[in-house]
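Remarks on the structure that follows.
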Amino acid sequence: MKKKKIGLYGGTFSPPHFGHIRAAENFLSGVKLDELYVMPDNVPPHKRIDAGDDPKIRLEMCRAAFGDMPKVTVSDYEIEKQGVSYTIDTLEHLTENGDVIYLLCGDDMFLTLESWRRGEDILRLARIVLMRRYGKADPGLAAKAKEYRKKYGTKVIMLKSEPCPMSSTEVRERVSRGEDISAYTPKAVEDIIVKYGLYGRKNDVQ
């Protein structure tokens with residue numbers, strides 16, 4: 001049986017925005033994936049989240065943002081698993097069927113992968129796909145890719161795509177100030193933000 005090419009796109013997605021959607025599209029087409037798992041984490045190990053964070057609401061927003069995309073599955077695996085969401089645990093789960101896993105990374109993630117929980121195993125188990133988030137090229141990225149290949153035999157793919165500096169932080173800040181976010185995130189996601197009053201949204205905002 002032919003091995004499938006499976007993409008893993010993890011993150012907090014609080015909230016998912018058009019930058020995330022563009023990244024998913026580029027990941028699918030650039031690597032020619034058979035299937036892409038968009039997987040919101042339960043508790044991220046590398047960043048602080050708001051005390052009122054509800055992973056299931058983030059999952060709902062992800063389904064609203066990505067649910068209609070061909071070959072994309074929004075997975076609740078990490079949320080249902082509970083606890084801190086470690087990438088290595090998810091990779092081991094996804095490789096149980098012998099499929100080839102491609103892990104999407106932005107600049108910062110890519111440079112620090114080795115320091116993650118069982119980072120060496122991540123670099124041996126997955127093919128790493130780098131997608132730049134920022135406009136200025138960082139020569140350290142190519143050097144780090146060479147290092148990963150030499151030390152761990154990691155297959156690194158550096159996707160050629162236009163950087164997208166949009167961030168969830170920016171969207172949350174705009175929501176808290178009562179500003180329009182229609183250029184940042186799909187209407188279905190905005191409706192969920194309104195529904196739950198997320199990110200300090202003011203009740204009088206239309």
Side-chain angles (χ1 to χ4, degrees), residues 6-31 33 36-50 53 55 58 61-62 65-66 75 78-79 83-91 94 101-175 184-185 199:
I6 304 294
L8 174 59
Y9 185 11
T12 307
F13 300 108
S14 183
H17 51 65
F18 288 126
H20 291 132
I21 294 170
R22 186 193 304 173
E25 292 170 342
N26 290 340
F27 191 14
L28 275 163
S29 61
V31 184
L33 296 171
L36 170 59
Y37 285 103
V38 172
M39 196 173 296
D41 48 32
N42 186 58
V43 178
H46 302 294
K47 65 170 68 172
R48 293 182 63 183
I49 55 176
D50 186 83
D53 174 77
R58 290 191 282 104
M61 288 192 288
C62 283
F66 300 98
S75 172
E78 291 187 348
I79 290 174
V84 178
S85 301
Y86 292 109
T87 298
I88 185 59
D89 295 337
T90 303
L91 288 174
L94 292 175
I101 307 300
Y102 294 78
L103 175 65
L104 185 65
C105 291
D107 310 51
D108 298 339
M109 288 173 57
F110 183 77
L111 291 170
T112 60
L113 270 175
E114 202 171 14
S115 67
W116 290 20
R117 182 185 180 96
R118 294 176 56 198
E120 295 181 11
D121 291 331
I122 292 174
L123 289 162
R124 292 191 174 102
L125 195 59
R127 300 185 181 194
I128 309 301
V129 180
L130 171 63
M131 188 177 296
R132 287 173 46 224
R133 286 188 59 190
Y134 309 107
K136 187 176 180 181
D138 183 349
L141 295 171
K144 183 60 74 171
K146 184 177 180 180
E147 178 186 334
Y148 289 157
R149 291 183 183 115
K150 183 176 180 180
K151 288 178 70 174
Y152 307 108
T154 310
K155 288 182 167 45
V156 179
I157 299 171
M158 304 181 82
L159 283 185
K160 294 180 180 179
S161 60
E162 286 298 316
C164 184
M166 189 179 294
S167 73
S168 293
T169 300
E170 184 179 4
V171 179
R172 293 195 301 271
E173 289 174 349
R174 291 185 69 88
V175 171
Y184 292 79
T185 196
Y199 314 127

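Salt-bridge annotation for Glu147 and Lys144: present, with a side-chain N of the basic residue lying under 4.0 Å from a carboxylate O of the acidic one.
In this structure, OG in Ser168 is found 4.0 Å from NE2 in His20, a value given to the nearest 0.5 Å. Of the inter-residue distances, the one linking Glu114 atom CD with Leu123 atom CG reads 6.5 Å to the nearest 0.5 angstrom. If you take CD1 on Ile6 and OH on Tyr37, they are separated by 5.5 Å, rounding to the nearest 0.5 Å. Between the CZ atom of Phe13 and the OG1 atom of Thr185 there is a distance of 11.5 Å, given to the nearest 0.5 Å. Note that OG1 of Thr87 and CG of Asp121 are 12.5 Å apart. Values are rounded to the nearest 0.5 Å. Rounding to the nearest 0.5 Å places CG of Leu103 at 4.5 Å from CD1 of Ile128.
Shown here for Ser85 and Pro45, the closest heavy-atom pair between the two residues is O-CD, 3.2 Å. When all heavy atoms of Asn42 and Pro55 are compared, the pair lying nearest together is OD1-CG, 3.4 Å. Contact record, Ala145 with Met158: CB-SD, 4.3 Å, taken as the closest heavy-atom pair. Ala23 and Met131 make their closest contact through O-CE, 3.4 Å (heavy atoms, listed as atom of the first residue, atom of the second, distance). Of all heavy-atom pairs between Pro16 and Phe66, the closest is CB-CE1, 4.1 Å.
Looking at heavy atoms from C-beta onward, Ile79 lies in side-chain contact with Pro40 at the 4.5 angstrom threshold. With a 4.5 Å cut-off on side-chain heavy atoms, Pro15 and Arg172 count as touching. Considering only heavy atoms from C-beta on, Met166 stays 4.5 Å or farther from Arg22 through its side chain. Annotation: side chain of Leu8 is in contact with side chain of Leu91 (closest heavy-atom distance under 4.5 Å). Contact annotation: the side chain of Leu159 approaches that of Val31 to within less than 4.5 Å [non-hydrogen atoms, C-beta and beyond]. Contact check for Arg118 versus Tyr86: no side-chain heavy atoms found under the 4.5 Å cut-off.
Side-chain atoms of Arg149 come within 3.5 Å of backbone N or O of Val156 as a donor-acceptor pair. In this structure, the side chain of Arg58 engages the main chain of Asp41 through a donor-acceptor pair within 3.5 Å. In this structure, Ser167 contributes its side chain and Glu170 its backbone to a donor-acceptor pair below 3.5 Å.
Remark: Glu173 pairs with no residue by the side chain to side chain donor-acceptor pair (under 3.5 Å) rule, at least two apart or across chains.
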TODO: For the pair Tyr9 and Leu36, evaluate side-chain contact (heavy atoms from CB on, under 4.5 Å) and give the outcome as yes or no after the intermediate values.
DONE: CA-CA 7 Å; Tyr9 185 11; Leu36 170 59; 3.9 Å; yes
Open item on the list: Between Ile101 and Leu125, does the side-chain contact (heavy atoms from CB on, under 4.5 Å) criterion hold? Intermediate values first, please.
Closed with: CA-CA 8 Å; Ile101 307 300; Leu125 195 59; over 6 Å; no
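Between Phe110 and Tyr148, the distance separating the two ring centers is shorter than 6.0 angstrom.
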